[in-house]
Amino acid sequence: MLEKAEKGDWIKEGYGVILVGRPNVGKSSLFNALMREDRAIVTPIPGTTRDYIEGELYLSSGHLVKIYDTAGLGIPKDILDKMGMERTEKILEKSNLILFVVDGSCEASEEEINLLEKIKSYQNKKLILVVNKIDLPQKVDLSVFPKDIEKIFVSAKERKGIEEIEKVIERHITSQDVEDGIFLNMYHREKLKEVYNLCEEGLNVLKNLPQSLDVLGDIIYDMDRAFGEILGEEVSLDITDKIFENFCVGK
């Protein structure tokens, strides 16, 4: 149900595509190329983008895509850098497709390789390596990156490879079973996540039986309570506050 709810989100709000990478690899230039307009400020100075920028793109198939240009990830130089990177990580959580952008005219740094490995750990995220600046002499050694990652070669400056990116995005969207999506409100989703986490915790406890039998009983009790709150069989003060937070009680 949680996976179907995620599909329901992007059916309703747009398929989320995020541009990530270290500073000054051309993420903002690529964002502008995809938007067909200069939305993001582009300079040679690393760290120009301090916050994420969001744009909407309709593919030829009619699918709505939300593109996010984000602050470069790495070691923050100041508090603004740190805040920008924290926001990038939040956008990463809710995106469907990650475009990891590297500068083809520069050698890949160890920090960049480690960053890609970290991003690969995000569950249920599609990941594509975008090699930018192919209009310049190439120095990047692609063998340092995992071989199983799909790669696209572009020049954001000269608008080369942009249509290829759109085709890849469309392919990832159409590979999903769109009709399988459902819509869940935030409360039900959080409760289902709670049940899911309790299931994982319970399975770990089962491996250590019979010593942890009392702990397993507590977990099953919490699961039953969570389901009861979803079905309305249990009503706590927190739930009533949530229900009535948008009502004017005086009326």
Side-chain angles (χ1 to χ4, degrees), residues 6 9-106 111-112 115-116 118-120 122 124-135 152-170 172-173:
E6 185 175 345
D9 284 345
W10 65 259
I11 291 171
K12 180 175 63 175
E13 300 175 3
Y15 189 78
V17 177
I18 182 171
L19 308 176
V20 297
R22 64 175 178 80
N24 212 34
V25 294
K27 296 186 299 297
S28 294
S29 295
L30 182 57
F31 177 83
N32 288 339
L34 287 165
M35 292 294 101
R36 270 70 173 182
E37 61 177 322
D38 293 337
R39 290 278 308 278
I41 298 173
V42 178
T43 74
I45 304 171
T48 300
T49 303
R50 294 297 188 103
D51 200 355
Y52 73 88
I53 301 173
E54 177 183 336
E56 293 187 349
L57 171 69
Y58 280 94
L59 302 177
S60 57
S61 61
H63 288 110
L64 172 62
V65 177
K66 284 193 175 179
I67 310 287
Y68 298 95
D69 176 28
T70 62
L73 292 173
I75 301 174
K77 298 177 181 178
D78 52 41
I79 186 64
L80 290 178
D81 263 358
K82 184 173 184 293
M83 291 173 66
M85 292 177 189
E86 287 173 350
R87 293 198 178 190
T88 296
E89 290 179 356
K90 288 181 180 179
I91 299 297
L92 267 169
E93 290 286 351
K94 70 175 188 177
S95 296
N96 307 101
L97 177 63
I98 301 170
L99 300 182
F100 188 87
V101 186
V102 299
D103 183 348
S105 67
C106 297
E111 180 185 4
E112 196 168 31
L115 177 59
L116 180 59
K118 177 184 176 182
I119 290 175
K120 277 186 67 180
Y122 281 85
N124 301 321
K125 307 292 183 187
K126 303 294 183 180
L127 177 63
I128 295 175
L129 182 67
V130 179
V131 182
N132 190 25
K133 304 186 183 181
I134 60 170
D135 52 296
I152 301 178
F153 298 86
V154 305
S155 169
K157 180 181 178 181
E158 298 186 357
R159 303 295 201 265
K160 292 181 180 179
I162 303 305
E163 290 185 1
E164 181 64 25
I165 290 180
E166 292 179 356
K167 289 178 182 178
V168 169
I169 295 173
E170 190 162 349
H172 279 281
I173 293 177

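All figures in this text were calculated on a predicted structure; none of them were measured in a lab.
Taking every heavy atom of both residues into account, Gly26 and Ala156 meet most closely at O-CB, 4.5 Å. Counting all heavy atoms, side chain and backbone alike, Ser105 lies closest to Lys133 at OG-CD, 4.1 Å. Closest approach of Arg159 to Ala33, counting heavy atoms only: CD-CB, 3.5 Å. Between Ser95 and Tyr68, the shortest heavy-atom distance links the atoms OG-CD1, 4.2 Å.
A donor-acceptor pair is defined here as one N or O able to donate and one able to accept, closer than 3.5 Å; such a pair exists between the side chain of Lys27 and the backbone of Arg22. At least one donor-acceptor pair under 3.5 Å links the side chain of Asn132 to the backbone N or O of Val25.
Between atom CG of residue Leu115 and atom CD of residue Glu111 there is a gap of 7.0 Å, rounded to the nearest 0.5 Å. One distance of note links CZ of Phe31 with CD1 of Ile53; it measures 6.0 Å at 0.5 Å rounding. Taking CD1 of Ile165 as the start and CZ of Phe153 as the end, the distance is 12.0 Å to the nearest 0.5 Å. To the nearest 0.5 Å, atoms CG (Leu34) and CG (Asp69) are separated by 10.0 Å.
The salt bridge (Lys or Arg N to Asp or Glu O under 4.0 Å) search around Glu166 returns Arg36, not counting sequence neighbours. When the side chain to side chain contact (heavy atoms under 4.5 Å, CB included) test is applied to Ser155, the partners found at least two apart in sequence or on another chain are Ile134, Asp135, Lys157, Glu158, Lys160. For Glu163, there are no side chain to side chain contact (heavy atoms under 4.5 Å, CB included) partners, not counting sequence neighbours.
Between Ile128 and His172 there is a side-chain heavy-atom pair separated by less than 4.5 Å. By the 4.5 Å heavy-atom criterion applied to side chains, Ile173 and Leu59 are counted as neighbours. Counting only heavy atoms from C-beta outward, the side chains of Asp103 and Asn24 never approach each other to under 4.5 Å. For the pair Asn96 and Lys126, the minimum side-chain heavy-atom distance is 4.5 Å or more. Leu30 is listed as a side-chain neighbour of Ile162, based on a closest heavy-atom distance under 4.5 Å.
For the pairing with Phe100, the side chain to side chain contact (heavy atoms under 4.5 Å, CB included) check across Leu19, Ile18, Val20 returns one residue only, Val20.
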* **CA sep, side-chain torsions, deciding dist, call: Val154, Glu164, side chain to side chain contact (heavy atoms under 4.5 Å, CB included)** => CA-CA 9 Å; Val154 305; Glu164 181 64 25; 6.0 Å; no

